[in-house]
Every structure is written in C-alpha cells, then in structure tokens.
Amino acid sequence: MLHVKFFAKARDVVGSSVSEIPWSDGQSVLQLKQALTEKHPGLQPMISRLLIAVNNDYAADDAAIRTGDEVACFPPVSGG
Amino acid sequence: MFALTQTPIDYHALTESVRSSKSGAVVLFLGTVREMTEGRRTVALEYEGYPQMAEAKLAELESRARSRWPIDQVAIIHRLGHLELGEISVAIAVSCPHRKQAFEAGQFLIDELKVSVPIWKKENWDDGTTEWVHPS
C-alpha cells in the first residue's frame, strides 16, 4: 500500500488527510493520479492541477514511486 | 534559519539574527494580511503547511539564492493557523555586503517562496464564506 497525504482543498475534498492506495513499486505519478481519482471521485475536477510530491520534492507524471516513499497530493501552493 | 510557527512573528528578533559586521545591508520583507482583494473584503486568513517538505524547499531556496548573491545570513519564518487583518504571515530577513544584493536576494526569496514552498491560504470572506486560494 502507498500512504498518501493530502493538504488544503485536496484534503477537504477527500475528507481525510491520508489515504491508502494499493501499489506496486515502480508505478508512476500519473498512475497514482488515476488511482486517486478512482478512489476519491471528488478529486476528478481538480486532478489536472493537483501536484504530487515524492520524498519532499515535486514529481513529474513519469516519475516512479516506491512503497515507503513519502507521498503527498495538493493543489498549487499559495503561501506568503 | 527557517521556521513555521503558530504564534506571532518576532520580526525584530528575526532581523537581529541576520545582522553582522560582514554585512553593510539588511533587508526585511513582511507579508501581512490585506483586507481588500479585487473588491472583496477579507476578515481573516487560515494558513496550512506541509512542514517537512516546506523545510526542504526553504533550504533549497536558500542555496539557490546563495549561488546568485553573496548572502551573509538569511532567516525566514512563515506563520500557520488563523491570522487576523494586518497580522504578519511571513518574514524574510537577508544580509549582504551591499544593498543592491540584499534587495535582489530578498525579492527572489519571497517570489520563489510563493511558488515553491508547500503552504496554502484559505480566505475567510466578510459574507461568511471560505475559499482556498489556488493560483492558476
């Protein structure tokens, strides 16, 4: 399983700050986005703008994720 | 020095922390909670952060700034939680040998913080609605 953290509007839409996603090592960020929208359909309208962070850095759609990686899903940042 | 805090930012202490005899210039930037945004009235902001990634991105930001300007010291604090109008949401203090470097480094640090550090704000409008701010 992959442990995914949510922040800001993504967390509000999911209704939880974490989700467990069935996972095989080496699957991509794009595959994670597909799995997230299947499990949490409320994310679908915003999925094109959602960012995936792996091990505390932004990850591109083709990046591979391993079970045990630190993974988070959130909208574009708006601090400051 | 980087910090995320739930309590009011002591920008005087932050500024003092970057002063040294190696620097001839210290620039302090404060971001504060503004009341009016495109005709709508804010009553408060809520800030949320992803602390471990925020610290990693702030450290990366510092090293990028140091590669471009001869920075002596830099200190950044971002507030999280509920902020009222006028309160300070972020403070950045940077010291350099000369003023142009310090101004440029300070501008770079706040501009890049706003696009790369995982912190989000939620507007509390005066009509009682709330809305996450997500720049496109």
Side-chain angles (χ1 to χ4, degrees), chain A residues 1-21 23 28-30 32-33 36-37 40-80, chain B residues 2-5 9 29-34 37 42 45-61 64 76-81 83 87-92 106-123 129-136:
Chain A
M1 299 294 272
L2 194 66
H3 188 78
V4 181
K5 297 177 179 176
F6 299 102
F7 293 94
K9 190 174 182 180
R11 188 200 54 240
D12 286 359
V13 166
V14 168
S16 170
S17 56
V18 293
S19 186
E20 298 289 337
I21 302 293
W23 199 252
S28 70
V29 166
L30 189 60
L32 173 62
K33 288 179 176 175
L36 286 172
T37 53
H40 305 289
L43 292 174
Q44 186 63 52
M46 58 192 302
I47 194 67
S48 65
R49 299 181 63 213
L50 286 177
L51 303 170
I52 301 295
V54 178
N55 298 329
N56 302 315
D57 205 355
Y58 296 100
D61 276 351
D62 61 354
I65 304 176
R66 299 175 61 87
T67 311
D69 281 343
E70 164 80 18
V71 179
C73 170
F74 47 76
V77 305
S78 58
Chain B
F2 313 115
L4 301 179
T5 180
I9 293 170
F29 172 83
L30 301 179
T32 60
V33 179
R34 182 183 59 242
T37 298
T42 296
L45 293 178
E46 312 281 338
Y47 283 88
E48 174 181 330
Y50 177 14
Q52 65 186 80
M53 182 173 171
E55 287 180 23
K57 300 310 284 185
L58 285 166
E60 184 183 304
L61 201 51
R64 286 170 62 203
I76 304 177
I77 294 187
H78 203 298
R79 180 103 175 260
L80 300 178
L83 275 75
E87 284 199 275
I88 298 164
S89 55
V90 60
I92 296 176
Q107 170 121 37
F108 171 84
L109 289 165
I110 183 58
D111 287 351
E112 292 297 309
L113 179 151
K114 288 176 77 86
V115 297
S116 72
V117 178
I119 295 172
W120 303 268
K121 64 165 75 80
K122 185 160 71 176
E123 287 275 7
T129 61
T130 64
E131 181 182 3
W132 284 105
V133 179
H134 294 312
S136 49

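The chains referred to below are lettered A, B, ... by the order of the sequence lines, with proteins before strands, and numbering in each begins at 1.
Using a 4.5 Å cut-off between heavy atoms, A/Asn55 does not touch chain B at all. Proximity to chain A involves both the backbone and the side chain of B/Val133, based on heavy atoms less than 4.5 angstrom apart. Interface remark: B/Tyr47 contributes side-chain atoms only to the contact with chain A (heavy atom separation under 4.5 Å). Contact annotation for B/Gln52: both backbone and side-chain heavy atoms come within less than 4.5 Å of a heavy atom of chain A.
Judged purely by atom type and a 3.5 angstrom limit, A/Tyr58 uses its side chain to pair as donor or acceptor with the backbone of B/Ser116. A/Lys9 contributes no side-chain N or O that, together with a main-chain N or O of B/Trp132, makes up a donor-acceptor pair within less than 3.5 Å.
Using bins of under 30°, 30° to 60° and over 60° for the plane-to-plane angle, the ring pair A/Phe7/B/Trp120 lands in the parallel bin.
Taken to the nearest 0.5 Å, the CG atom of A/Asp57 stands 5.5 Å off from the CD atom of B/Glu60. The OG atom of A/Ser78 sits 8.5 Å away from atom NZ of B/Lys114, with the distance rounded to the nearest 0.5 Å.
Taking each heavy atom of A/Gly80 and B/Ser89 in turn, the nearest pair found is O-OG, 3.3 Å.
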Item to complete: Check step by step if side chain to side chain contact (heavy atoms under 4.5 Å, CB included) holds for A/Glu70 and B/Met53.
Response: CA-CA 10 Å; A/Glu70 164 80 18; B/Met53 182 173 171; over 6 Å; no
Discussion item. Side chain to side chain contact (heavy atoms under 4.5 Å, CB included), that's the test. Do B/His134 and A/Val77 meet it? Break it down for me.
Written reply: CA-CA 6 Å; B/His134 294 312; A/Val77 305; over 6 Å; no
